[in-house]
Amino acid sequence: MGVYSLPIMMAPPAPTQTALSEVANQAKFTAQFKKDLKGSDFLHFGEGDVFLGESQIGFEGRLAPGPDYRLYLSPTFVETEAEFEQHKSSMKYIAPVSSFNGFVVDMPQSVNLEEFTTIIIWCESFGEFITAATYR
């Protein structure tokens, strides 16, 4: 149980509605994380809206809590651990995710959103697929 409760206790606060609105207003793409993906289950899921802009990515919703979440962009939609591992070399790591009730992360300047189609949350420590959404 500590694997799930410790990240919750240490999570930074969710971004304010104002911060999320700013990211949403500047978004070039939007997507939606859904709970019903093949690789998601009651301990590994995300649900809510994702806003992708040239300088930031914002998420308004909730993620199942866990340690060592990472945000990736992928040119291929994946929804299982096996698919993630198969396509990981073509993905771009963006940022760690440590808030489970929404987040705003900076987009690396070297990333071109047009080169990818999918946003993914992955648990690096346990090799667990959390969620994914196609944004274009």
Side-chain angles (χ1 to χ4, degrees):
M1 222 33 218
V3 167
Y4 296 100
S5 61
L6 186 59
I8 294 170
M9 294 183 329
M10 298 182 68
T16 65
Q17 190 59 48
T18 301
L20 282 168
S21 293
E22 287 176 12
V23 175
N25 290 337
Q26 296 176 13
K28 187 172 185 175
F29 300 103
T30 60
Q32 191 171 58
F33 288 142
K34 297 180 181 176
K35 289 176 80 169
D36 61 351
L37 300 178
K38 276 194 254 179
S40 297
D41 59 36
F42 75 101
L43 291 175
H44 310 98
F45 69 87
E47 61 182 348
D49 297 319
V50 184
F51 311 102
L52 298 97
E54 296 296 330
S55 63
Q56 291 183 310
I57 295 175
F59 170 62
E60 184 173 21
R62 68 185 190 112
L63 298 171
D68 202 18
Y69 282 6
R70 309 276 174 98
L71 182 90
Y72 287 87
L73 295 181
S74 173
T76 306
F77 180 74
V78 301
E79 62 178 326
T80 66
E81 285 88 3
E83 291 171 353
F84 181 89
E85 294 292 351
Q86 178 184 359
H87 296 284
K88 188 174 182 180
S89 65
S90 66
M91 296 178 190
K92 179 70 176 174
Y93 169 71
I94 302 300
V97 172
S98 55
S99 176
F100 309 111
N101 291 311
F103 60 77
V104 173
V105 298
D106 291 331
M107 176 74 76
Q109 288 184 333
S110 62
V111 175
N112 178 359
L113 284 171
E114 302 283 342
E115 293 177 17
F116 305 96
T117 63
T118 303
I119 184 166
I120 300 165
I121 304 287
W122 174 258
C123 178
E124 196 70 29
S125 292
F126 292 100
E128 286 285 343
F129 174 83
I130 305 304
T131 192
T134 301
Y135 64 84
R136 64 170 202 92

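Note that these values count all heavy atoms, side chains included, but never hydrogens, waters or copies made by symmetry.
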Cluster link V111 to V104, ILVMFWY, side chain under 4.5 Å: no
Student check: side-chain heavy atoms of K35 and F42 closer than 4.5 Å: no
D106 side chain near S55 side chain, heavy-atom distance below 4.5 Å: no
Identified ring pair (Phe, Tyr, Trp, His ring centres under 6.0 Å) partner of F29 from the options Y135, F116, F51: Y135
same_hphob_cluster(L37, F100) at 4.5 Å side-chain heavy-atom cutoff: no
Trace of the side chain to side chain contact (heavy atoms under 4.5 Å, CB included) decision for T117 with T76: CA-CA 6 Å; T117 63; T76 306; 5.8 Å; no
Shortest non-hydrogen contact between A14 and S99, atoms and distance: CA-OG, 3.7 Å
Within-4.5 Å side-chain heavy-atom neighbours: V23 and I57: no
Interatomic spacing from CD in Q56 to CD in Q26 - rounded to 0.5 Å: 7.0 Å
Whether S74 side chain and F77 backbone form a donor-acceptor pair below 3.5 Å: no
Side chains of I94 and M107 in contact at under 4.5 Å (non-hydrogen atoms): yes
Side-chain donor or acceptor of T134 paired with backbone N/O of T118 under 3.5 Å: no
Gap separating the OG1 atom of T80 from the CD atom of E85, nearest 0.5 angstrom: 9.5 Å
Ring geometry between F84 and Y72 (parallel below 30°, tilted from 30 to 60°, perpendicular above 60°): perpendicular
Backbone N/O of Q17 and side chain of S21: donor-acceptor pair under 3.5 Å: yes
Point-to-point distance, once rounded to the nearest 0.5 Å, from CD of E83 to NZ of K38: 5.0 Å
Short side-chain to backbone donor-acceptor contact, R136 and E114, under 3.5 Å: yes
Distance, nearest 0.5 Å, that separates OG1 of T16 from CD of E22: 7.5 Å
K88, NZ: over 12 other non-hydrogen atoms inside 6.0 angstrom: yes
Common cluster, I120/Y93, ILVMFWY with side-chain heavy-atom separation under 4.5 Å: yes
Where Y69 and A64 come nearest, the two heavy atoms and their spacing: OH-O, 2.6 Å
Minimum-distance pair of heavy atoms, taken over all atoms of G39 and E81: O-OE2, 4.4 Å
Student check: side-chain heavy atoms of E79 and F129 closer than 4.5 Å: yes
Non-hydrogen atoms of A31 and A133 that approach each other most closely: CB-CB, 3.7 Å
L73 side chain near L113 side chain, heavy-atom distance below 4.5 Å: yes
Pair K34-S40, side chain to side chain contact (heavy atoms under 4.5 Å, CB included): steps then yes or no: CA-CA 9 Å; K34 297 180 181 176; S40 297; over 6 Å; no
same_hphob_cluster(I130, V105) at 4.5 Å side-chain heavy-atom cutoff: yes
Close side-chain approach of F103 to L63, heavy-atom, < 4.5 Å: yes
Heavy-atom side-chain proximity of V50 to F59 below 4.5 angstrom: yes
